[in-house]
Asker: 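Input: one structure, supplied below.
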Amino acid sequence: MPELPEVEVVRAGLSPAVSGAVITAVEVFDERSLKRHSPLEGAFDALLEGRTILGAGRRGKFLWFPLGDSAGPAGAQALVTHLGMSGQVLLRTPGVEEDGLLRIRLHIEHPVQGEFWVNFVDQRIFGSMAVDRLVPTADGQPGGYFGEVLASGASAASDDSAASAALVPSQVAHIARDPLDPAFDEALFFAALGRKRTGIKRALLDQTLISGIGNIYADEALWAARLHYEHPADRLTRPRMRELLAEVRLVLGKALAEGGTSFDAQYVNVNGASGCFSHSLNAYGQQGKPCPRCGTPLVREAFMNRSSHLCPRCQRRPRAPRATPAPAPPAT
DNA sequence: TAACTAACCTGGGGGC
DNA sequence: TGCCCCCAGGTTAGTT
């Protein structure tokens, strides 16, 4: 299940390969993988063919590739990709091998690396590709994370400032910045969290509050911060919020360093290799095993049509808020 | 307006 | 061996 670290691994793998390359042809094998593409923008393949890819950006779990040339009256555009639960973006040598469940193929011509394919493979079709217009960001900061290469101005596509400009695809604009984004505003996040009258895990999964966190890393961060998933977000003190955010960053950063989490073939990098973070999980999928901290068997509980993994001793269920005393009855 | 729920989707695994 | 059912979960439209 691709979350922020997995998507970032894909972005980092794609960026040097596609930046400065031209899309020469597009093949769509399953129209359902275009569910986020609006026909009002134009035909998906026609919008892409002949366009140059300027770079590879990411906000949370959304990836996008700003496009150069012939933007037309609609202004700057980008190819937006979301991996959903089972999406993969694979770099392939033409004709060498076929990927099962292939939904979309981009034929790419790079001035240095020559011709190759970008295959979008998706088993459950929760993922998608779309061409979307770029709109200005609300805070005037770059739309997302474009990596160290482009940020330092050394990318092959860095001549075109459209790649890293303060623009974001319109369908990504409502998504909050992720905690690894240099422009992530901690004060804004803490204030928004303090207004949420809901459980802390539901808040962490709310991509309009903080993006990039899914079920796996929410469970891991809550275990690390010793917080029960139902702990009311608005009852967290600032120090506890800071502690939780630090654990979120630690978990995401560690997973990123290990190439992401893979349980099966559902998540792979652009070369088809799996990540190693599943060996480092403390809570997610560890039900029945002893808590690495206190030895109490970890449990799995139903939560939001999915599951939550926690230590029943380290992560105590919050007590119900004390009832407000009823006003005294008027004296008679 | 905020919080919450259900639907989308399909390969794999378990039970019979 | 084959069939059926359940499970996984990110996003979003619809409901409360």
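The figures here come from the full heavy-atom set of this structure, side chains too, leaving out hydrogens, waters and symmetry mates. By convention in this document, chain letters (A, B, ...) are assigned in the order of the sequence lines, proteins followed by strands, and residues within each chain are numbered from 1.
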Asker: If you assign A:Arg36 and A:Arg300 each to the DNA chain C nucleotide with the nearest heavy atom, which residue ends up on the more 5' nucleotide?
Answerer: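 Upstream on the strand: A:Arg300.
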Asker: Assign A:Asp122 to base, sugar-phosphate, or nothing according to its heavy-atom contacts below 4.0 angstrom with the strands shown.
Answerer: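 Answer is nothing: A:Asp122 stays at 4.0 Å or more from every strand.
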Asker: On DNA chain B, check which nucleotide each of A:Ile125 and A:Lys196 is closest to and give me the residue with the more 5' one.
Answerer: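 Per heavy-atom nearest nucleotide, the more 5' residue is A:Lys196.
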Asker: Quick one: on DNA chain B, does A:Lys35 or A:Leu101 contact a more 5' nucleotide (nearest heavy atom)?
Answerer: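 Result of the comparison: A:Lys35.
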Asker: Is there a side-chain polar atom (N or O) of A:His82 under 4.0 Å from OP1 or OP2 of C:dG10?
Answerer: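 No, because none of the side-chain N or O atoms of A:His82 sits under 4.0 Å from OP1 or OP2 of C:dG10.
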Asker: Hey, does the side-chain of A:Arg306 have a donor or acceptor N/O within less than 3.5 Å of a partner on the base of C:dG10?
Answerer: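 Between C:dG10 and A:Arg306, which were checked side chain against base, a qualifying N/O pair under 3.5 Å is present.
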Asker: Is it the case that A:Gln141 and A:Arg177 place a side-chain donor and acceptor less than 3.5 Å from each other?
Answerer: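 Looking only at side-chain atoms, A:Arg177 and A:Gln141 do not form any donor-acceptor pair under 3.5 Å.
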Asker: Classify the ring geometry of A:Phe189 against A:Phe184: parallel below 30°, tilted from 30° to 60°, perpendicular beyond 60°.
Answerer: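 Ring orientation of A:Phe189 relative to A:Phe184: tilted.
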Asker: Would you say a side-chain N or O of A:His174 is under 4.0 Å from OP1 or OP2 of C:dT11?
Answerer: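 Checking C:dT11 against A:His174, no side-chain N or O comes under 4.0 Å of OP1 or OP2.
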Asker: So for atom CZ, which belongs to A:Arg197, do other residues, nucleotides or ligands contribute more than 12 heavy atoms lying within a distance under 6.0 Å?
Answerer: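 Open: at most 12 neighbouring heavy atoms sit under 6.0 Å from CZ of A:Arg197.
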Asker: So which of residues 198-215 of chain A are in contact with DNA chain C, with a heavy-atom cut-off of under 4.0 Å?
Answerer: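 Output list: A:Gln207, A:Gly214, A:Asn215.
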Asker: In whole angstroms, how far is the C1' atom of B:dA7 from the CZ atom of A:Arg124?
Answerer: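 About 15 Å, once rounded to whole Å.
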Asker: Using a distance-only test with no angle check, is there a side-chain donor-acceptor pair under 3.5 angstrom linking A:Arg36 and A:Ser128?
Answerer: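 A:Arg36 vs A:Ser128: donor-acceptor pair found between side chains.
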Asker: Check whether the side chains of A:His309 and A:Glu220 place a donor and an acceptor atom closer than 3.5 Å, and report yes or no.
Answerer: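 No, A:Glu220 and A:His309 have no side-chain donor paired with an acceptor closer than 3.5 Å.
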Asker: In dot-bracket form, how is DNA chain B paired, counting a Watson-Crick or G-U wobble pair only if both its distances are under 3.5 Å and using | for bases paired to another strand?
Answerer: .|||||||||||||||
Asker: Do A:Asn119 and A:Arg92 have side-chain atoms, one donor and one acceptor, less than 3.5 Å apart?
Answerer: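 Absent: no donor and acceptor within the cut-off.
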Asker: When you compare the side chains of A:Ser280 and A:Glu258, does any donor N or O come within less than 3.5 Å of an acceptor on the partner?
Answerer: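 Note: A:Ser280 and A:Glu258 side chains meet the donor-acceptor criterion.
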Asker: Is a side-chain donor-acceptor pair under 3.5 Å present for A:Glu301 with A:Tyr229?
Answerer: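 Yes - a donor-acceptor pair under 3.5 Å links their side chains.
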